[in-house]
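From a predicted model like this one, the values you see are computed outputs, not experimental measurements.
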Amino acid sequence: MEKIISIKDLNYTYPEAKRSAIKDLSLDIYKNEWLSIVGKNGSGKSTLTKLIDGLIEADSGTIAVDGQVINEKNIWEARTKIGIIFQNPDHQFVGATVEDDVAFGLENQGMPREEMVKAVDEALSLVKMSDFKERDPQSLSGGQKQRVAIAGVLATKPQIVIMDESTSMLDPDGRKTVLNLVKQLRSQQDLTIISITHDIEETELSQRIVVLNDGQIVSDGKPEEIYDLGADLQKFGLEEPFTSKLVSTLRDTIKLPDGYLNEEELKEQLWKLHSNM
């Protein structure tokens, strides 16, 4: 697999802080991968995002984006390959209308107007918000606002999309809709997705999960491997997935396969047991 981001021996301490926010962290992220980075508040997730996007400079270590080590000379070029969807889309809105807002990043890149109009229309079509392009962004629902924020990122044609707690303010239905949309767009656009979250339940669509604690990677594996940690996740300030809790309770009374079972697998096992009764 081809690496899109390669982080080596990264260290960062905020000015006047007594402890490092990131400690000797090394991590490879691959093209078209969906990676979730999870951890409690203060674990280093947001700091790592800022370092990857070049918003702060590491004390030591290197970050390479698409094979190029980030430095002062190439940071702006590296940033064109990365789009960030933030927790609160209101903080990203700058235009009076939806289409103005999606066009903002393209204007900053100096794109000619004719190309810009086409790119905005394409991005809004991808997130199914074309009918809202003349609306005031503030008049939209939370899920619609997040779709517009995603369109604004997609319009700039990034290779990497970082979701920084970007579904935490949505209700369960809105969260599911946005995550499924990102899954679809990842496939269509060959995007690499980095999802930053403190909610383990949001990681089900990812291919790999990295658990951060005190600025260090304490676990790195496939979702089922991380979920199988069960109650041990609480050591890192993470809640055990609901199905994991339920399976642990059910195993006291009925025989279920070892390891983590997702919701569909659990339903299938319970149906088999019922059919054999």
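Between the NZ atom in K157 and the CD atom in E122 there is a gap of 5.0 Å [rounded to 0.5 Å]. Between the CZ atom in R208 and the CG atom in L35 there is a gap of 5.0 Å [rounded to 0.5 Å]. Of the inter-residue distances, the one linking K235 atom NZ with L229 atom CG reads 8.5 Å to the nearest 0.5 angstrom. Taking CG of N213 as the start and CG of L238 as the end, the distance is 8.5 Å to the nearest 0.5 Å. Here the CG-CG distance, from L25 to L27, works out to 6.0 Å after rounding to the nearest 0.5 Å. Taking CD from E204 and CD1 from I209, the interatomic distance works out to 9.0 Å, rounded to the nearest 0.5 Å.
Sorted pairs that involve residues 18-77 and meet ring-ring contact (aromatic ring centres under 6.0 Å, His included), not counting sequence neighbours, are lacking altogether.
S43 approaches K40 most closely through the heavy-atom pair OG-O, 2.8 Å. The minimum heavy-atom distance linking S26 with D9 is given by the pair OG-N, 2.9 Å. Scanning all heavy atoms of the two residues, the minimum distance from R186 to E33 falls at NE-C, 4.0 Å. The two residues A151 and V127 have their closest heavy-atom pair at CB-CG2, 3.8 Å. When all heavy atoms are compared, the tightest approach of T197 to D199 is OG1-N, 2.9 Å. Contact between T13 and R19 at its shortest, heavy atoms only, is CG2-O, 3.6 Å.
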### Task
Before giving the answer on side chain to side chain contact (heavy atoms under 4.5 Å, CB included), spell out for E77 and Q68 the whole-Å C-alpha distance, their side-chain angles and the decisive distance to 0.1 Å.
CA-CA 10 Å; E77 181 186 348; Q68 192 172 42; 3.7 Å; yes
### Query
Do I160 and I194 pass the side chain to side chain contact (heavy atoms under 4.5 Å, CB included) test, and can you show the C-alpha distance, the side-chain angles, and the key distance before you say yes or no?
CA-CA 8 Å; I160 303 154; I194 304 172; 3.9 Å; yes
### Message
Run the salt bridge (charged side-chain N to carboxylate O under 4.0 Å, His left out) test on K45 and D164 for me, step by step, so that the C-alpha distance in whole Å, both residues' side-chain angles and the decisive distance to 0.1 Å come before the verdict.
### Response
CA-CA 9 Å; K45 304 187 306 297; D164 189 2; over 6 Å; no
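Q207 is not listed as a side-chain neighbour of K222, based on a closest heavy-atom distance of 4.5 Å or more. Taking 4.5 Å as the limit, every side-chain heavy atom of T192 sits out of range of all side-chain heavy atoms of I5. The closest side-chain heavy-atom distance from D101 to V98 is not below 4.5 Å. With a 4.5 Å cut-off on side-chain heavy atoms, D28 and K8 count as touching. Here the side chains of L51 and L10 are in contact, with some heavy-atom distance below 4.5 Å. For the pair V38/L212, no side-chain contact is recorded, criterion being any heavy-atom separation below 4.5 Å from C-beta on. Contact of the I196 side chain with the I162 side chain is registered, since non-hydrogen atoms from C-beta on lie closer than 4.5 Å. With a 4.5 Å cut-off on side-chain heavy atoms, F132 and L124 do not count as touching.
Contact check on D66 versus K31 returns a salt bridge, with a Lys/Arg side-chain nitrogen under 4.0 Å from an Asp/Glu carboxylate oxygen.
Clustering of Ile, Leu, Val, Met, Phe, Trp and Tyr side chains at separations under 4.5 Å leaves V69 isolated, with no partner residue.
With R79 as the fixed residue, the side chain to side chain contact (heavy atoms under 4.5 Å, CB included) test singles out one of L55, I70, I84: L55.
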